[in-house]
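Below is one structure; the comments refer to it alone.
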Amino acid sequence: MIPTLEWLPTGINFLDQTKLPLEETYVLATDYKQVATVIRDMIVRGAPAIGVSGAMGVAIGIERSAATSLPELTEEVAVICEHLAATRPTAVNLFWGIDAVRGVFNELAAKGASIPEIKAAVVTKARQMYDEDIAACKQMGANGASLLPQEGTVLTHCNAGALATCGYGSALGVIRAAIEQGHKIDVFADETRPFLQGARLTAWELMKDGIPTTVLCDNMAASLMLQGRIQAVIVGADRIAANGDVANKIGTYGVAILAKEHGIPFYVAAPWSTVDVATAHGGLIPIEQRAALEVTHSNGKQMTPDGVGIENPAFDVTPAKYVTAIITERGVLTAPYSASIQTMAGMTELAVA
Ligand code: MRU
């Protein structure tokens, strides 16, 4: 299994995804500020991996705190959580991860637990979330594999694989599971401008597993769909609103429209931690704007004229009407999503804007 991130006695070790596929190197974060930098700079990326990194960031911040009293530590925890939460706004998993570890802290602090007890408990929680993320990916694979064709080519966008999770992957996990069950699947990986998660990361991790993979430029899918060369699309998600609208890597919306036009199923695979029942619809999801440099430059080389205007939204929102099904570890959701998500959440009332 690809070691995306790992809790070690010395710190949290991250596979440096900015260096892939040419270099397989690691970055060791020894405090919460370094974890925040690792998330912001996309050394680790992908919603589930960001979520567990956020959880581990809070845990390492508490574990390494020099605070000598509970009030002092409580103040510090607020600062740690705020710092980590300010890294990337779109993947709701980040806030879920931070809140989960903070919840353990709050509970133990309210009971008057000792600082060493609290430190041990938050680390245990973060490490448990790591294990649960891998288990969720495996379950998504089991739940979604039969949706993929027995034989054919599946298009994916960005990287929703082992690298975007703690292991196995969400969308790529479903592909892996289908192959493990005997499906004969080839993968088309959109290159995914500007950060090239498809060309660099999806291609790298699928080739490591011997899964036949072909990289497409982002403008090629329409023509290949028209030629009947794509049988299904599967992507991950950064946040799924209560009505089933899906925020994912920029370009996903276009792929979803193309799939609908060509009668191709469009699947989303995401752990339940990506479902944000507190956000009523996709229009309310904050979309991260990243630096112009990611667009103006490629591999350090300037590609655009000085001073030209640049847009760099990192994500877009695919309206629920384009989504054939959402595969989670709890089960497969289908339209009408407001109802199916509500049922799966075990909720009685949906949040409204
Ligand atoms: O900017 P990134 O690389 O963090 O974006 C990642 C994606 O958009 C993934 O598709 C999404 O997080 C799902 S990962 C299982």
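Just follow the structure's listing: the first ligand is 1, and inside any ligand the first atom is 1. This one's a predicted model, so the numbers in the text were calculated from it and none came from an experiment. All values below come from the heavy atoms of this structure, side chains included, with hydrogens, waters and symmetry mates left out.
- In plain terms, the two heavy atoms of Ile250 and His157 that are nearest each other are O-NE2, 2.9 Å.
- Summary of contacts: the protein heavy atom closest to atom 15 (C) of ligand 1 is Ser170 OG, 2.9 Å.
- In terms of protein heavy-atom proximity, atom 10 (O) of ligand 1 is nearest to Asn248 OD1, 2.6 Å.
- At most 12 non-hydrogen atoms from other residues, nucleotides or ligands lie less than 6.0 angstrom from CD of Glu82.
- Counting only heavy atoms of the protein, atom 11 (C) of ligand 1 lies nearest to Asp238 OD1, 3.1 Å.
- Note: an N/O pair closer than 3.5 Å links Gly46 and ligand 1 by distance alone.
- Taking all atoms of both residues into account, the shortest heavy-atom contact from Thr324 to Pro265 is OG1-CA, 3.5 Å.
- When only modelled atom types and interatomic distance are considered, Ser338 and Asn243 share no side-chain donor-acceptor pair under 3.5 Å.
- Closest heavy-atom approach to atom 1 (O) of ligand 1 among the candidates Arg290, Lys249, Glu288: Lys249.
- Applying the 6.0 Å contact sphere to CD of Gln302 captures more than 12 heavy atoms from other residues, nucleotides or ligands.
- By the criterion of a heavy-atom distance under 4.0 Å, the side chain of Phe315, and not its backbone, is placed next to ligand 1.
- Between Ala49 and Ser53, the closest heavy-atom pair is O-OG, 2.7 Å.
- Residues Arg64 and Asp31 are not paired through a salt bridge, judged by the lack of any N-O separation under 4.0 Å between the basic side chain and the carboxylate.
- Counting heavy atoms closer than 4.0 Å to ligand 1, residue Ala270 contributes nothing at all.
- Ligand 1 places these atoms under 4.0 Å from at least one heavy atom of Met42: 1 (O), 2 (P), 3 (O).
- Ala314 does not count as a contact of ligand 1, since none of its heavy atoms falls under 4.0 Å from the ligand.
- The residue His157 has no part lying near ligand 1, judged by heavy-atom distances below 4.0 Å.
- For atom 14 (S) of ligand 1, the nearest protein heavy atom (residue, atom name, distance) is Ala164 CB, 3.4 Å.
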Quick one, Asp16 with Thr18, criterion side-chain hydrogen bond (donor to acceptor under 3.5 Å, both in side chains). Give me CA distance, side-chain angles, the key distance, then yes/no. CA-CA 5 Å; Asp16 187 346; Thr18 66; 2.5 Å; yes

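- Under 4.0 angstrom from ligand 1, the non-hydrogen atoms of Gln197 all belong to its side chain.
- The N/O atoms of Thr165, backbone and side chain alike, include none that comes under 3.5 Å of an N/O atom in ligand 1.
- When heavy-atom distances to ligand 1 are checked against a 4.0 Å cut-off, Ala47 comes that close through both its backbone and its side chain.
- Between Arg176 and Glu205, at least one side-chain N (NZ, or NE/NH1/NH2) sits under 4.0 Å from a carboxylate O, which counts as a salt bridge.
- Within the listing of ligand 1, atoms 14 (S), 15 (C) sit less than 4.0 angstrom from a heavy atom of Pro48.
- Both the backbone and the side chain of Ala160 come within contact range of ligand 1, each with a heavy atom under 4.0 Å.
- Between Trp204 and Asn159 the shortest side-chain heavy-atom distance does not fall below 4.5 Å.
- Looking only at atom types and distance, the side chain of Gln128 has no donor-acceptor partner in the side chain of Thr124 under 3.5 Å away.
- At a heavy-atom cutoff of 4.0 Å, ligand 1 is contacted by the backbone of Asn159 but not by its side chain.
- Residue Arg88 has at least one heavy-atom neighbour below 4.0 Å for each of these atoms of ligand 1: 1 (O), 2 (P), 4 (O).
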